[in-house]
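So the structure is just underneath, and the comments pick up after that.
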Amino acid sequence: NAGVMQNPRHLVRRRGQEARLRCSPMKGHSHVYWYRQLPEEGLKFMVYLQKENIIDESGMPKERFSAEFPKEGPSILRIQQVVRGDSAAYFCASSPYPTSGRALGEAKNIQYFGAGTRLSVL
Amino acid sequence: AQSVAQPEDQVNVAEGNPLTVKCTYSVSGNPYLFWYVQYPNRGLQFLLKYITGDNLVKGSYGFEAEFNKSQTSFHLKKPSALVSDSALYFCAVTNNAGNMLTFGGGTRLMVKP
């Protein structure tokens, strides 16, 4: 069972361009979470999606950022008109059930992380 | 609002000695607590979790953590450190009503031979 796959691993954009980050969850996982990590800091929650639905986007900047998780295909985090402050590592995680769910089995509440996409804005 | 504090930016320990990485949390409701490890240029790897049950939780690679409700702590421990344990460790919390993980700032563990 392949893990959470993120691509590209590294992405370089110039200011004003668009960045599209892709995340394929683990097989059988329908819950996807995006986090951003600034250098030497912890991860900050951005958005939580379930197939075709945004469940919680309380951590997403109000402008330029959007996320989707279509019925078919990977989840996409899209950043329009990137600025230097967007430079960070973006991590995707997936889980088979909601983290808060009552499924307390061995692996059901765990968010499994991908290797991340490191975005550099020039 | 929920929060996590990892008071030590770095912990240094000699190989073979016990290690402790500290974590305290604040959350409403029942806490769900997690430890993850991050190696350079890699994603986070799950180590262990506390949802309910025994306060002492055993996880991967010989790590364990003790949930202390009165002190709102969830310290990570290992009886005998290995050089290969050197990495960045993150504590995270959510609760029985939430789905987003709130992470601490991370603690860099350095194990010297």
Please round to the nearest 0.5 Å and tell me the distance separating atom CE of B:Met100 and atom CD of A:Gln111. 11.0 Å
Yes or no on side chain to side chain contact (heavy atoms under 4.5 Å, CB included) for B:Leu44 and A:Leu43, after CA distance, side-chain angles and deciding distance? CA-CA 10 Å; B:Leu44 274 67; A:Leu43 280 70; 3.8 Å; yes
Would you please test B:Asn99 and A:Phe45 for side chain to side chain contact (heavy atoms under 4.5 Å, CB included) and show each step? CA-CA 10 Å; B:Asn99 290 290; A:Phe45 169 79; over 6 Å; no
More than 12 heavy atoms of other groups within 6.0 Å of A:Gln81 CD: no
Residue pairs, two or more places apart or on separate chains, that pass side-chain hydrogen bond (donor to acceptor under 3.5 Å, both in side chains) and touch residues 13-22 of chain B: none
B:Gln38, part contacting chain A, at a heavy-atom distance under 4.5 Å: side chain
Out of curiosity, does A:Met60 fall in the hydrophobic cluster containing A:Val32 (side-chain heavy atoms, cut-off under 4.5 Å, transitive links)? yes
Counting only heavy atoms not in B:Tyr61, do more than 12 fall under 6.0 Å of its OH? no
Side-chain (A:Tyr35) to main-chain (B:Leu101) donor-acceptor, under 3.5 angstrom: yes
Cut-off 4.5 Å, heavy atoms of chain B, and the answer for A:Gln6 is neither
Any chain of hydrophobic side-chain contacts (each under 4.5 Å) joining B:Tyr50 to B:Tyr32? no
Taking CD in A:Glu63 as the centre, count heavy atoms belonging to other residues, nucleotides or ligands within less than 6.0 Å. Is the count above 12? no
Joint cluster assignment, A:Tyr33 & A:Tyr90, ILVMFWY side-chain distance < 4.5 Å: no
Which of residues 113-122 of chain A have a heavy atom under 4.5 Å from any heavy atom of chain B? A:Phe113, A:Gly114, A:Ala115, A:Arg118
Do B:Val11 and B:Val111 belong together in a cluster built from hydrophobic side chains that touch within less than 4.5 Å? yes
If hydrophobic clusters are built from ILVMFWY residues whose side chains come within less than 4.5 Å, do B:Val27 and B:Ile51 share one? no
Step by step, work out the side chain to side chain contact (heavy atoms under 4.5 Å, CB included) result for A:Ile110 and B:Tyr36. CA-CA 11 Å; A:Ile110 300 167; B:Tyr36 286 86; 4.1 Å; yes
What's the separation between atom CZ in B:Arg42 and atom CZ in A:Arg9, rounded to the nearest 0.5 Å? 8.0 Å
A:Met5 atom CE: more than 12 heavy-atom contacts under 6.0 Å: no
